[in-house]
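Report on the structure given below.
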Amino acid sequence: MGLTDAIGENDDSEGAADLFRVVGRQVRLLRERAGLTQRELGERLGYSEDLVRSLECGRRTPQPEFLDAADDALGAGGLLRAATEDVTRAKARARVKHPAWFRDYARLEADAVEVHEYGSHVVPGLLQTEDHARALFAMRKPLLDDATIELRVASRMDRQELLTRWPAPILTCIIEEAVLRRPIGGSTVHRAQLEKLLDLGRLRSLELQVMPTDRVQHAGMGGPFILLTPKGRPQVAYLEVQNISRLVTDPDEVRILAARYGSIRAQALNPSESLAVIKELLGAA
């Protein structure tokens with residue numbers, strides 16, 4: 001009997017969450033038995049302390065690569081590695097944990113070969129730290145309950161598998177300078193978010209650009225949007241404002257947004273200049 005069978009007849013999303021908490025507790029017990037801190041385990045495996053902490057609390061999906069590496073590092077004798085199949089199956093069976101108005105986009109994004117995003121109000125979800133995402137969900141009105149906040153944070157962090165997937169999709173992102181100056185969550189959370197952007201901006205698979213506030217010409221005044229190309233399908237666009245979303249599939253509308261994105265990219269700082277701006281903001285944070 002697998003771990004998923006042992007959980008019971010919960011609905012798929014709750015069953016997956018229970019499984020991830022069970023696996024997280026196993027990692028914590030094995031880590032403590034080995035006399036390692038979360039930071040020390042993360043350093044051994046090449047993961048951040050935050051990721052280890054979130055995984056042990058069941059807030060992050062335990063990836064097969066992590067379970068394999070942790071099994072060896074902690075001398076688990078195959079205990080963690082054996083959970084890989086159950087975790088993979090639970091992920092596949094689980095209902096999409098995103099709000100209903102975001103689900104169609106989330107399904108397409110998971111298998112996308114290209115994603116291009118212009119963020120004018122917040123750091124794009126694919127690039128957010130866990131604490132930054134939690135701060136955003138916590139300040140939402142009407143207020144979300146704590147369980148919903150944690151579910152949304154976990155879902156957002158799971159989306160970030162796209163950043164490390166291989167073969168890597170083509171990713172570009174343009175963020176307004178004003179967004180980078182807004183200390184969402186407080187100074188500590190803000191600084192960690194800038195540091196993450198700096199790290200992500202060095203990835204070969206991501207081109208990160210900053211739109212400075214002093215531009216006289218700006219093609220993005222109509223608001224944020226995403227261009228997405230699903231595998232084997234035509235490019236689509238996604239628009240969202242005040243929790244109202246629209247998936248754009250009309251070829252002419254998508255073409256116009258793609259041309260607009262090209263103009264925004266041309267008006268923004270290039271990737272090297274953009275990283276310099278983030279470094280400067282980090283110095284002031």
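Values in this document were obtained by computation on a predicted structure and should not be read as measured data.
- For the side chain to side chain donor-acceptor pair (under 3.5 Å) with Glu176, the lone residue among Arg182, Arg181, His218 that qualifies is His218.
- The ring-ring contact (aromatic ring centres under 6.0 Å, His included) analysis of residues 41-74, with sequence neighbours excluded, yields the pairs Tyr47-Phe66.
- Looking at Leu228 and Tyr238, their side chains never come closer than 4.5 Å, going by heavy atoms from C-beta outward.
- In this structure Pro212 satisfies the side chain to side chain contact (heavy atoms under 4.5 Å, CB included) test together with Glu177, Asp214, Arg215, Leu269, sequence neighbours excluded.
- Taking 4.5 Å as the limit, every side-chain heavy atom of Val23 sits out of range of all side-chain heavy atoms of Asp86.
- Both Val210 and Ile226 sit in one connected hydrophobic cluster of ILVMFWY residues. Membership requires side-chain heavy atoms under 4.5 Å apart, directly or through other members.
- When atom types are taken as modelled, the side chain of Asp71 and the backbone of Gly78 share a donor-acceptor pair closer than 3.5 angstrom.
- Across all their heavy atoms, Gly42 and Val52 have their closest contact at CA-CG2, 3.9 Å.
- With sequence neighbours excluded, the residues satisfying side chain to side chain contact (heavy atoms under 4.5 Å, CB included) with Ala168 are Trp166, Ser205.
- Leu127 and Ile184 are assigned to two separate hydrophobic clusters, defined by single-linkage of ILVMFWY side chains at heavy-atom distances under 4.5 Å.
- The CD1 atom of Ile264 sits 13.0 Å away from atom CD of Gln217, with the distance rounded to the nearest 0.5 Å.
- When hydrophobic residues (I, L, V, M, F, W, Y) are linked wherever their side-chain heavy atoms come within less than 4.5 Å, Val113 remains an isolated member.
- For the pair Ala110 and Leu162, the tightest heavy-atom approach, listed with the atom from each and the gap, is O-CD1, 4.3 Å.
- Put simply, the side chain of Arg33 reaches to within 4.5 Å of the side chain of Leu30, judged on heavy atoms.
- Residues Thr213 and Ala178 come closest through the heavy atom pair CG2-N, 3.9 Å.
- A heavy-atom distance below 4.5 Å is found between the side chains of Leu247 and Leu108.
- Scanning all heavy atoms of the two residues, the minimum distance from Ile149 to Phe137 falls at CG2-CB, 4.0 Å.
- If you run salt bridge (Lys or Arg N to Asp or Glu O under 4.0 Å) between Glu56 and each of Arg25, Arg28, Arg31, only Arg31 comes through.
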- request: Decide salt bridge (Lys or Arg N to Asp or Glu O under 4.0 Å) for Arg156 and Glu130; before the verdict, give the C-alpha distance in whole Å, the side-chain angles of both, and the deciding distance to 0.1 Å.
  value: CA-CA 8 Å; Arg156 182 160 293 179; Glu130 182 177 328; over 6 Å; no

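- Residues Arg265 and Ile174 share a closest heavy-atom pair of CG-CD1, 3.3 Å.
- Between Tyr261 and His116, the two ring planes are tilted [angle within 30° to 60°].
- Val254 and Val115 end up in different hydrophobic clusters when Ile, Leu, Val, Met, Phe, Trp and Tyr side chains are linked at under 4.5 Å.
- The ring-ring contact (aromatic ring centres under 6.0 Å, His included) search around His132 returns none, not counting sequence neighbours.
- For the pair Leu74/Leu79, no side-chain contact is recorded, criterion being any heavy-atom separation below 4.5 Å from C-beta on.
- Atom CD of Glu114 has more than 12 heavy atoms from other residues, nucleotides or ligands within 6.0 Å.
- Here the closest non-hydrogen pair linking Thr229 and Arg233 is CG2-O, 3.6 Å.
- Atom CZ of Arg44 is surrounded by 12 or fewer heavy atoms from other residues, nucleotides or ligands within 6.0 Å.
- Ion pairing between a basic and an acidic side chain is recognised when a charged N comes within 4.0 Å of a carboxylate O; Glu195 and Arg191 show such pairing.
- Partners of Pro224 according to the side chain to side chain contact (heavy atoms under 4.5 Å, CB included) rule, which considers only residues two or more places apart in sequence or in another chain, are Ser120, His121.
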task: Assess whether side chain to side chain contact (heavy atoms under 4.5 Å, CB included) is satisfied between Gln209 and Thr172, documenting all intermediate values.
output: CA-CA 8 Å; Gln209 294 179 255; Thr172 68; 5.6 Å; no

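- Val87 has its side chain within reach of Leu67: a pair of non-hydrogen atoms, C-beta onward, lies under 4.5 Å apart.
- Transitive grouping of hydrophobic side chains (ILVMFWY, heavy atoms separated by less than 4.5 Å) brings Leu171 and Leu203 into a common cluster.
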- request: Decide salt bridge (Lys or Arg N to Asp or Glu O under 4.0 Å) for Asp199 and Lys196; before the verdict, give the C-alpha distance in whole Å, the side-chain angles of both, and the deciding distance to 0.1 Å.
  value: CA-CA 5 Å; Asp199 290 339; Lys196 178 168 185 174; over 6 Å; no

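- Val277 is not listed as a side-chain neighbour of Glu273, based on a closest heavy-atom distance of 4.5 Å or more.
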Residues Arg202, Leu198; criterion side chain to side chain contact (heavy atoms under 4.5 Å, CB included); working and verdict: CA-CA 7 Å; Arg202 297 188 179 109; Leu198 198 59; 3.5 Å; yes

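- Panel note: side chain Gln235, backbone Leu227; no donor-acceptor pair is recorded below 3.5 Å.
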query: side chain to side chain contact (heavy atoms under 4.5 Å, CB included) between Leu194 and His190: does it pass, once the steps are laid out?
result: CA-CA 6 Å; Leu194 292 177; His190 181 56; 3.7 Å; yes

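- Under the 4.5 Å side-chain heavy-atom criterion for ILVMFWY residues, a single connected hydrophobic cluster contains both Leu51 and Leu41.
- Dense packing is recorded around CG of Asp250, with more than 12 heavy atoms of other residues, nucleotides or ligands lying under 6.0 Å away.
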Test log, rule side chain to side chain contact (heavy atoms under 4.5 Å, CB included), inputs Arg134 and Glu150: CA-CA 7 Å; Arg134 184 173 291 106; Glu150 292 307 318; 2.9 Å; yes

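- More than 12 non-hydrogen atoms from other residues, nucleotides or ligands lie less than 6.0 angstrom from CZ of Arg165.
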message: Pair Glu253, Arg246 - check salt bridge (Lys or Arg N to Asp or Glu O under 4.0 Å), show working.
response: CA-CA 12 Å; Glu253 291 187 63; Arg246 180 185 173 209; 2.7 Å; yes

